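Just so it is clear, the model here is predicted, and its values are computed rather than measured. Every chain is numbered from 1 and lettered A, B, ... according to where its sequence line falls, protein lines coming before strand lines.
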Amino acid sequence: MIKKTATIVNKLGLHARPAAQLVSTASGFESEVFYTKDDLRVNGKSIMGVMMLAAEKGTQLIIEVDGPDQEQAMGAVLNVIASGFGEEV
Amino acid sequence: MVNMYQKRKVVKGVPISFGIVMGRTRVILPGDIKVAEVAIATSSLDNEIQRLDKAVAKTIEELRLIRDSADKKIGGPVAKIFDAQLLIAGDYEFLKQVKEQIIAEKRNAGFIYNSLVKKTTNPLKKSDDAYMRQTVQDIEAVANKVLSNLGGYHKKPEVKFPADTILVGKSFTPGEILSYRRRKVTGFLIGEGGRNSHMALIARSLLIPVVTSEKIWTRVPNNCRIIIDGTNGIAIINPTDKDWTEYQRRRRRQGPATISRIKKLTQIPPQTADGEEINVAANLELPGPVDDILSWKNIPVGLYRTEFLYLEGDDFPDEKSQYEYYRGIAERFARSEVVLRTFDLGSDKFRDNDDTIKEDNPALGWRGIRSMLDMSEVFKTQIRAILRASVNRNLKILLPMISDVTELEKAKKLIHQAMLDLRRRNVPFDSQIKIGIMIEVPSAALTAEQLVQKVDFISIGTNDLTQYTMSTDRNNFRVANLYNSYHPSVLQLIKMTVEASMKYNKPVSVCGEMAGDKLALPLFIGMGVKSLSMNPTKITDICRLIKKIDSNLVYHLAVSVLSSQTAVSVTRKLQSFMTALEKK
């Protein structure tokens with residue numbers, strides 16, 4: 001299991017479209033992906049879960065990835081978050 | 001118990017979608033989401049899970065149908081609204097949780113599903129961020145469908161309504177607007193929803209009149225007479241017979257039946273009594289049912305706004321999706337021309353929850369071409385998408401809010417760069433594409449001679465030109481009376497622009513609200529304007545009036561009007577001319 005922290009950088013935060021993008025990124029891997037914000041921990045392959053984070057710009061998320069392809073999955077997830085989901089930052 | 005309106009009540013609300021409809025009310029109460037809690041025997045838990053799966057499958061099916069029908073009727077970008085809902089409906093992890101809890105708590109599927117939905121939406125509802133709160137609506141729209149498909153939740157009967165039914169309710173989802181439309185509902189009075197909400201966009205593209213007004217809807221009785229004037233944002237509950245006759249008259253005049261009226265037009269482009277051809281075009285903002293008739297009649301689009309692509313989505317769409325959207329437009333109007341105006345966004349139109357761009361005075365702020373020159377990548381992406389869609393050679397590019405030559409040159413440089421990008425990528429486009437500017441700022445009108453030499457065509461935006469010339473915010477009721485497009489100062493600027501364009505032989509068109517105003521028509525023709533672009537509802541009347549006008553006669557009218565000192569005197573002259581003309 002690997003654990004890292006990432007900050008939401010895009011202006012509008014983790015609303016519907018980025019949430020969908022994040023979920024489909026995570027779903028492409030076998031590993032389990034979890035996000036934690038404060039004391040809320042959600043499954044990274046669930047759009048409802050990710051939306052529930054209500055993560056605005058500047059929010060710090062703890063990312064936990066566990067599974068056979070955890071390195072690649074973590075890389076992909078960090079990448080899509082850092083890119084601001086292709087949105088304005 | 002609230003007091004119902006038993007007598008005549010005029011409500012001044014927000015105009016969401018234009019047109020007048022008259023009929024009887026049907027009040028739709030918000031679906032009761034209180035789902036009964038039922039204990040389930042261990043032996044029936046499997047069955048309960050199967051019921052959930054079936055309800056979810058049915059919901060996905062329904063959402064796909066709605067999306068496809070939206071796709072067919074309105075086009076891609078609107079249909080995308082339903083894509084997010086589809087993702088929510090099919091959320092595997094969420095459903096897994098629901099199923100686990102059904103088994104653990106031995107409760108009915110509806111109760112567990114609903115309580116987990118609430119657990120998800122509660123933190124979102126509390127968010128300060130308007131955009132986060134909006135996602136709640138998407139989740140609830142899906143949840144209501146699933147619960148309704150599960151049964152055990154008060155289901156709205158899927159009946160056809162009597163003719164001329166006007167629905168009154170707290171809020172409607174875009175999907176509901178579409179489905180009620182199919183069931184013959186003609187208009188809406190709604191409690192919630194702004195002009196840029198998904199509901200509003202759908203209603204406008206389906207030409208369904210809608211007015212919103214907070215709190216009013218709870219006091220509207222069922223089955224009472226009602227008039228909805230979506231153009232002016234007025235609803236009259238229990239109208240008098242006099243109201244009724246008056247609105248019947250107005251409706252005949254403006255008409256929701258734009259399509260059938262345009263169908264009857266015989267001569268396009270229309271000619272004046274002395275044989276002068278006047279080019280009448282439509283202003284559009286998103287694909288809709290009027291498009292077909294416009295295209296069939298070879299009526300061009302003089303102003304296609306593109307802001308919708310940003311307002312509807314979560315962000316500026318990428319080049320590919322914009323390209324697909326513009327190509328759709330170019331194909332729909334294959335036999336006529338379409339003027340695409342690049343994003344005209346002001347700080348008032350950027351996301352309302354983003355305070356980094358909050359301005360004290362958005363009208364004088366970072367808007368139109370100004371914001372696009374600063375966001376040059378966004379601008380170039382849009383230009384590349386338009387260029388790629390221009391291979392049929394029927395698209396033109398229009399730049400909004402140009403205030404001087406420097407801005408124009410910067411914009412043209414970016415357009416040039418976009419063309420180079422495409423060349424490098426070996427992507428075909430119309431290299432002769434026409435580039436025009438809006439003249440809607442006094443500084444541009446005053447220097448029109450210099451500007452017109454650097455562009456292919458000119459479009460005069462009378463709404464902003466009036467606002468800036470008169471220094472008046474028309475939405476500010478304290479000064480709204482000063483907003484008058486007929487003020488001699490505004491007319492002078494229009495005249496200067498028209499003359500500059502004629503001097504350099506560049507086509508000039510008027511595209512603000514004034515273009516569809518019958519009173520202004522003789523004046524424009526008298527000034528030498530040969531092209532007008534207006535709301536599609538106005539086209540028929542303007543075309544009919546053009547045929548009655550003698551261009552030599554109105555030349556003298558224009559000279560006389562332009563020498564007026566006040567807006568009152570201008571309107572008086574035009575009105576008396578109109579009275580004489582309509583008697584013809």
Side-chain angles (χ1 to χ4, degrees), chain A residues 7-59 61 63-67 73 77 80-81 83-89, chain B residues 80-98 113 116-139 142-143 198 310 312-319 350-357 371 374-375 377-378 381:
Chain A
T7 309
I8 300 297
V9 293
N10 62 310
K11 204 170 72 182
L12 301 176
L14 212 45
H15 61 94
R17 198 187 68 103
Q21 204 180 329
L22 196 55
V23 168
S24 30
T25 305
S27 302
F29 296 93
E30 225 176 295
S31 301
E32 292 196 302
V33 179
F34 286 94
Y35 303 108
T36 307
K37 176 195 156 191
D38 306 327
D39 24 343
L40 184 63
R41 185 168 182 267
V42 302
N43 189 315
K45 294 185 180 177
S46 159
I47 189 167
M48 295 279 265
V50 173
M51 278 173 153
M52 191 159 88
L53 291 171
E56 293 157 25
K57 180 179 173 166
T59 303
L61 291 183
I63 309 167
E64 289 163 80
V65 185
D66 190 11
V77 165
V80 73
I81 294 177
S83 76
F85 308 95
E87 295 194 340
E88 209 173 318
V89 292
Chain B
K80 287 213 181 88
I81 296 170
F82 300 103
D83 281 344
Q85 295 192 4
L86 272 166
L87 268 173
I88 296 166
D91 189 325
Y92 177 78
E93 290 299 328
F94 179 77
L95 293 170
K96 201 172 92 187
Q97 248 184 69
V98 175
Y113 186 91
L116 285 176
V117 164
K118 283 201 175 132
K119 210 176 119 194
T120 306
T121 52
N122 278 342
L124 291 167
K125 281 180 181 162
K126 279 183 217 136
S127 168
D128 297 329
D129 186 323
Y131 222 74
M132 292 294 166
R133 288 198 304 270
Q134 227 183 44
T135 58
V136 174
Q137 285 179 6
D138 279 323
I139 297 175
V142 174
H198 293 165
Y310 170 79
E312 178 271 335
D314 299 325
D315 197 355
F316 291 105
D318 61 15
E319 183 184 314
F350 286 112
R351 301 280 174 247
D352 55 348
N353 55 334
D354 188 339
D355 33 48
T356 57
I357 43 169
S371 57
D374 291 341
M375 290 191 264
E377 283 312 313
V378 171
T381 304

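No part of B/Tyr92 comes within reach of chain A, as not one of its non-hydrogen atoms sits under 4.5 angstrom from that chain. Heavy-atom distances place the side chain of B/Ile139, and not its backbone, under 4.5 Å from chain A. At a 4.5 Å heavy-atom cutoff, A/Ala19 makes no contact with chain B through either its backbone or its side chain.
We find the NE2-CG distance between A/His15 and B/Leu124 to be 12.5 Å, quoted to the nearest 0.5 Å. Atom CG of B/Asp91 and atom NZ of A/Lys45 lie 12.5 Å apart (nearest 0.5 Å). Here the CZ-CE distance, from B/Phe94 to A/Met51, works out to 11.5 Å after rounding to the nearest 0.5 Å.
Under the side-chain contact (heavy atoms from CB on, under 4.5 Å) test applied with A/Met48, the options B/Leu95, B/Val142, B/Thr120 reduce to a single match, B/Thr120.
Across all non-hydrogen atoms, the minimal contact from A/Met52 to B/Lys119 is SD-O, 3.4 Å.
Enclosure of atom NZ in B/Lys125 by more than 12 non-hydrogen atoms of other residues, nucleotides or ligands within 6.0 angstrom is indicated.
Here the side chain of A/Asn43 pairs no donor or acceptor atom with the backbone of B/Glu93 at under 3.5 angstrom.
The residue among A/Ile47, A/Leu40, A/Val23 with the most heavy atom pairs within less than 4.5 Å of chain B is A/Ile47.
Under the ring-ring contact (aromatic ring centres under 6.0 Å, His included) criterion, A/Phe85 pairs with no residue at all, not counting sequence neighbours.
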